[in-house]
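What follows is a short report on a single structure.
Bear in mind that the values here come from a model prediction, so they are computed numbers and not experimental data. Within every chain, numbering begins at 1; the chains are lettered A, B, ... in the order of the sequence lines, protein sequences first and strands thereafter.
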Number of protein chains: 2
Amino acid sequence: MSARKQRQVASDAGLSKQRVVVEAIRLADREGVNGLSMRRLAGVLGAGAMSLYHYVANKEELLDAMIDVVFEEIELPPEGTDWQSAMRRRTLSARQVLARHPWAIGLMESRTSPGPAHLRHREAVTACLRRAGFSVLMATHANWLLDVYVYGFALQEASLPFDTADEFTDMAKDVFLPQLPPDEFPYLNESAAALVAAGYDPAEEFMFGLDLVLAALEPLRAAA
Amino acid sequence: MSARKQRQVASDAGLSKQRVVVEAIRLADREGVNGLSMRRLAGVLGAGAMSLYHYVANKEELLDAMIDVVFEEIELPPEGTDWQSAMRRRTLSARQVLARHPWAIGLMESRTSPGPAHLRHREAVTACLRRAGFSVLMATHANWLLDVYVYGFALQEASLPFDTADEFTDMAKDVFLPQLPPDEFPYLNESAAALVAAGYDPAEEFMFGLDLVLAALEPLRAAA
DNA sequence: TACTATTCTCGTACGGTGTACGATTGTCAA
DNA sequence: TTGACAATCGTACACCGTACGAGAATAGTA
């Protein structure tokens with residue numbers, strides 16, 4: 001039994017909770033969360049729909065497990081550096097991961113209890129902040145604020161209808177500006193024009209806000 | 001015909017896009033976005049399910065319209081004050097509105113084109129920032145950052161399993177702490193204990209981060 | 001080896017979903 | 001009166017999550 005279970009966890013042939021969740025994530029990445037149905041998932045796994053329920057109590061639990069796997073993909077803050085570098089590292093990683101799995105962001109609103117990977121991440125971040133000299137309460141504020149930044153950014157980025165600076169330029173000219181009568185939206189026209197001229201890079205935007213937040217948090221920690 | 005249409009827009013008796021969307025929002029507020037189905041919505045409107053499709057092309061369009069009505073509820077930045085007060089006012093309003101309609105946050109991820117109310121809000125915010133002395137590009141950064149803050153906060157707040165400080169205290173003692181073995185999560189234990197002692201108020205947390213962001217943006221505008 | 005217990009698979013069915021299609025009615029202009 | 005059009009909605013189809021229970025495969029025990 002344990003030998004068989006061992007084999008199933010590792011191999012590609014048999015089912016396992018691992019494989020169900022991982023394949024569910026791949027499916028959601030490909031088709032969006034609305035394209036993820038138990039029947040379709042069973043299909044790509046080469047199984048009957050009801051077989052999945054041996055590994056997952058219901059679809060809600062599957063979604064919870066998917067979210068926690070996403071959290072596992074996010075790098076923990078490294079230990080050997082200053083707190084700002086550590087936070088930059090883990091938030092950048094989070095941005096990449098959430099951009100890879102945009103469906104995860106919309107799912108968070110409805111799911112309230114954090115999974116084990118989520119908790120481990122939170123513990124590591126709190127540890128980093130406390131060791132950097134933030135008080136208990138200030139570390140809580142900083143933790144919350146940085147999470148707000150990461151999720152808020154990911155949420156906005158996911159709702160952008162373009163991925164690269166070039167795509168933005170095209171869309172701005174062909175789609176955005178025609179929808180913005182200059183007399184009704186003078187300032188948005190001005191913005192759009194400036195952004196088309198300067199180019200728009202979400203990664204740069206991320207760094208701008210992140211550095212601003214980190215710099216504003218810096219004086220709130222007690223000296224080391 | 002136009003008299004009839006007029007009557008329908010105003011009255012409670014007949015259907016209209018207005019009424020369909022408004023009732024859909026009430027239903028989503030009450031039962032969550034998963035409880036909103038065309039049949040149920042038609043039910044509370046006293047109509048057949050297919051009648052709704054005369055006012056809305058499909059459910060996606062209904063959801064888009066719902067989101068834009070939510071944006072309409074958010075106060076525009078007032079004009080007679082300094083930019084920080086104006087931003088405080090409109091972000092606080094946004095937080096309240098999004099807390100009232102938590103389903104709206106999760107919906108934003110999948111919907112890419114802003115509705116008219118969204119655009120009007122954006123225009124007003126950009127105007128406020130530009131008049132306060134921010135450059136075109138800096139106003140874009142500030143606009144983006146403040147939106148990140150509002151949506152990120154709303155997203156996190158929506159995923160909290162409690163609403164008030166008292167509820168938090170109860171849940172922390174009965175639910176959170178038992179899930180956190182002190183040897184594995186020493187820092188989260190420390191945090192939780194401190195928060196239980198100090199009390200936890202989401203509204204305060206919102207002001208903390210908002211003031212921090214506003215203060216950090218202040219030096220980035222050119223003097224007036 | 002034989003029997004039993006447990007784990008795993010999944011076919012069928014039920015009540016829900018979004019919505020295409022077409023029939024029906026009510027209201028108007030000519 | 002007639003013909004166009006706006007509005008309503010019954011029916012049907014393909015899909016959804018999953019309860020139930022039957023059957024096959026495997027493990028543990030004698």
message: Quick check: do Arg130(A) and Glu190(B) have side-chain heavy atoms less than 4.5 Å from each other?
response: yes
Atom-to-atom span, CG of Leu62(B) to P of dT17(C) - whole angstrom: 14 Å
query: Does some side-chain heavy atom of Met87(A) sit less than 4.5 Å from a side-chain heavy atom of Val125(A)?
result: yes
Residue mapping more 5' on DNA chain C - nearest nucleotide basis, His54(A) or Arg40(B): His54(A)
Among dG17(D), dT11(D), dT8(D), the one nearest Tyr53(A) by side-chain distance: dG17(D)
field: Rounded interatomic separation in angstrom, taking CG from Leu52(B) and P from dA7(D)
entry: 14 Å
message: Side-chain N or O of Tyr55(B) versus OP1/OP2 of dT8(D): is the shortest distance under 4.0 Å?
response: yes
task: Looking only at side-chain atoms of Ser37(A), point me to the closest of dT8(D), dG17(D), dT19(C).
output: dG17(D)
- request: Let me know the distance between CG of Asn34(A) and P of dG17(D), rounded to the nearest Å.
  value: 11 Å
message: Does Ala42(A) reach a base, just sugar-phosphate, or nothing at all? Heavy atoms under 4.0 Å.
response: nothing
N or O in side chain of Ser51(B) less than 4.0 angstrom from dC9(D) OP1/OP2: yes
Donor-acceptor pair (no angle test) under 3.5 Å: Arg39(A) side chain, dG17(D) base: yes
- prompt: Is a side-chain donor-acceptor pair under 3.5 Å present for Glu72(A) with His121(A)?
  reply: no
- prompt: More than 12 foreign heavy atoms under 6.0 Å from CG of Asp174(B): is that the case here?
  reply: yes
message: In this structure, how many angstroms lie between the C1' atom of dC15(D) and the CE atom of Met38(B), rounded?
response: 16 Å
message: Using whole Å, what does the distance between atom C1' of nucleotide dC15(D) and atom CG of Leu41(A) come to?
response: 16 Å
His118(B) side chain to Asp68(B) side chain, donor-acceptor N/O pair below 3.5 angstrom: no
- request: Whole angstrom is fine here: how far is it from NZ in Lys59(B) over to C1' in dT17(C)?
  value: 8 Å
- prompt: Can you check the Met50(A) CE to dG21(D) P distance for me, whole Å?
  reply: 13 Å
